[in-house]
Amino acid sequence: MTNEKRSAASSEAHKALDTIQQMKRAAMRRATPSRWFGALIALLAGSLVSLSAADLRQYTVFIILLMVLVISYQRQKTGVSAKTFPVKTMVLGLIILVPLFFLMIIAAQLLQESLGHVSASLLCGGIFSVIVYLLSLFERRWYDKINVEKGQ
């Protein structure tokens, strides 16, 4: 009788632990930003570079406001956030993105003579957009890696 009670309690405990793990994985999947979110942020960041390089800085306020709206909509839509935050990824992203932002503006201004004012701005903004999108894909892979490590 005692062994049967222990095995029944043990199987119930395993089922409860499995349910908890499934709930954690579901929450992590829900907290993972969609690819569209990364693409939209990348396009807005590229627009910032293009506008800054084209000396249309007065319009950057609208792009920043759009970024805030997109980020707040994403946060409100998911209703959750990841408990573990990739600090290393964030620092690496900032180390890459901030200097690259200014480098792209300078490159666009240098290329204006050969490519033209609009083309150089759009080219550098497009390059920056692609880099931001690739970083967002890298972050998605990081979230997916966490899900796999936790037993998904």
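Please read these numbers as outputs of a predicted model, since none were measured by experiment. Residue numbers start at 1 and run along the sequence shown.
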> Is there a continuous path of hydrophobic side-chain contacts, each under 4.5 Å between heavy atoms, that joins I106 to V118?
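Different clusters.
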> Can you find a heavy atom in the side chain of W36 that is under 4.5 Å from one in the side chain of L40?
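Contact flag for W36/L40 side chains = no.
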> Would you say that S52 contacts F101 through its side chain, given a criterion of any heavy-atom pair below 4.5 Å between the two side chains?
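Side chain of S52 against side chain of F101, heavy atoms only: contact under 4.5 Å found.
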> May I have the list of side-chain donor-acceptor pairs in residues 62-73 shorter than 3.5 Å, sequence neighbours left out?
{"unit_1": "S72", "atom_1": "OG", "unit_2": "V68", "atom_2": "O", "d": "3.0"}
{"unit_1": "S72", "atom_1": "OG", "unit_2": "L69", "atom_2": "O", "d": "3.1"}

> Using atom types as modelled, flag every donor-acceptor pair under 3.5 Å from a side chain in residues 41-51 to any protein atom, sequence neighbours excluded.
{"unit_1": "S47", "atom_1": "OG", "unit_2": "L43", "atom_2": "O", "d": "2.8"}
{"unit_1": "S50", "atom_1": "OG", "unit_2": "G46", "atom_2": "O", "d": "3.2"}
{"unit_1": "S50", "atom_1": "OG", "unit_2": "S121", "atom_2": "O", "d": "3.0"}

> For atom CD of E113, is the number of surrounding heavy atoms from other residues, nucleotides or ligands below 6.0 Å larger than 12?
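12 or below, so no.
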> Can you tell me how far the CG atom of L111 sits from the SG atom of C124, to the nearest 0.5 Å?
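Between atom CG of L111 and atom SG of C124 there are 5.5 Å.
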> With hydrophobic residues grouped by side-chain heavy-atom distances under 4.5 Å, do V61 and Y59 end up in a single group?
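In one cluster: no.
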> Should L100 and L103 count as side-chain neighbours, where that means a heavy-atom distance under 4.5 Å?
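They are in contact (side-chain heavy atoms under 4.5 Å apart), so the answer is yes.
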> What's the shortest heavy-atom distance between G38 and S136, and which atoms?
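Nearest heavy atoms, G38 then S136: CA-OG, 3.7 Å.
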> Under a 4.5 Å side-chain heavy-atom rule over Ile, Leu, Val, Met, Phe, Trp and Tyr, are I131 and F102 clustered together?
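Same cluster.
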> Report the distance from atom CD1 of I105 to atom CG of D55, rounding to the nearest 0.5 Å.
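Interatomic distance, I105 CD1 to D55 CG, rounded to 0.5 Å: 9.5 Å.
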> Counting distance only, does the side-chain N/O of Q109 pair as donor-acceptor with the main-chain N or O of H117 below 3.5 Å?
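Checking the backbone N and O of H117 against the side chain of Q109, no donor-acceptor pair under 3.5 Å is found.
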